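Step one of this worksheet: look at the structure below.
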Amino acid sequence: MTAIIRASSDNSASRRPLGLAMRRGFVGRCPHCGEGKLFRAYLKVADFCPACGEDLHHQRADDAPPYLTMLVVGHFIVAGIVAFEEFAPPWPIWVGILGWMGLTLAASLILLPRIKGALVGYQWALRMHGFGGAEPAEA
Ligand SMILES: [Zn+2]
């Protein structure tokens, strides 16, 4: 009985701040310390935090970052196109196509690593995929 109570109090004492971890990941910093760089390349997550040594290789963001990026960017771009076509003066179609394509590309490239970083922070805060210290069980 004592062991059960101790185990549950240990879990609550070592809670990780979800919002802070996601914000740190969003700006490309380690979700644990907020100092070290999260990425070693554009979308490559570093194996370890260079500042605090936190294991970061446990992350499994997989397809979630591109999916969420398309979801967010698509909604803003489509709303922008509809609003612009409704309220702005007419302009040549090629200007619209190139402009909206460029904006879509730029927004996607800017948002993608930020969303991936926030998701890594989410996984770290919730101790998913081995971030809790124990290796995940093999199937
Ligand atoms: Zn760190």
Side-chain angles (χ1 to χ4, degrees):
M1 184 69 176
T2 306
I4 293 172
I5 293 171
R6 178 175 290 153
S8 67
S9 66
D10 285 349
N11 285 341
S12 63
S14 60
R15 245 189 156 147
R16 293 175 174 172
L18 177 62
L20 179 63
M22 289 182 72
R23 281 193 301 275
R24 286 174 172 170
F26 187 83
V27 296
R29 295 294 169 187
C30 167
H32 181 230
C33 67
E35 297 296 323
K37 287 187 174 181
L38 181 60
F39 296 103
R40 62 183 160 89
Y42 177 64
L43 286 177
K44 295 273 187 195
V45 176
D47 290 337
F48 301 95
C49 171
C52 70
E54 179 75 18
D55 287 341
L56 299 171
H57 66 273
H58 300 296
Q59 67 83 23
R60 291 198 184 138
D62 297 333
D63 294 338
Y67 172 77
L68 292 173
T69 300
M70 287 189 299
L71 187 74
V72 171
V73 171
H75 278 87
F76 280 107
I77 294 299
V78 169
I81 290 171
V82 169
F84 202 83
E85 292 298 322
E86 185 71 22
F87 301 113
W91 58 358
I93 190 76
W94 66 269
V95 174
I97 290 172
L98 288 180
W100 289 114
M101 282 177 54
L103 190 61
T104 301
L105 182 65
S108 298
L109 291 175
I110 291 168
L111 261 185
L112 188 56
R114 285 159 177 77
I115 288 177
K116 183 170 184 173
L119 285 171
V120 171
Y122 178 85
Q123 293 174 357
W124 177 84
L126 297 183
R127 300 177 184 276
M128 297 169 70
H129 311 303
F131 275 125
E135 291 295 322
E138 294 294 323

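Please read all numbers here as calculations on a predicted model, not as lab measurements. These numbers come from the heavy atoms of this one structure, side chains and all, not from hydrogens, waters or symmetry mates. Each ligand, and each atom within it, is numbered from 1 in the order the structure gives.
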Which word best sums up how the rings of Trp91 and Phe84 line up, parallel for under 30°, tilted for 30 to 60°, or perpendicular for over 60°?
tilted
Would the number of heavy atoms belonging to other residues, nucleotides or ligands and lying under 6.0 Å from CD1 of Ile93 be above 12?
no
Asp47 atom CG, over 12 foreign heavy atoms within 6.0 Å:
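Counting other residues, nucleotides and ligands, CG of Asp47 exceeds 12 neighbours.
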Taking the Zn ion (ligand 1) as the centre, how many protein N/O/S atoms fall inside a distance shorter than 2.8 Å?
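Those protein atoms number 4 in total.
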Looking just at side-chain N and O atoms, do Glu54 and Trp124 make a donor-acceptor pair shorter than 3.5 Å?
yes
Under the 3.5 angstrom rule, does the side chain of Arg29 hit a backbone N or O of Glu35 as a donor-acceptor pair?
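Yes, the answer is positive, given that a donor and an acceptor are paired below the 3.5 Å cut-off.
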Heavy atoms of Val73 and Ser108 approach each other most closely as CG1-OG, 3.9 Å
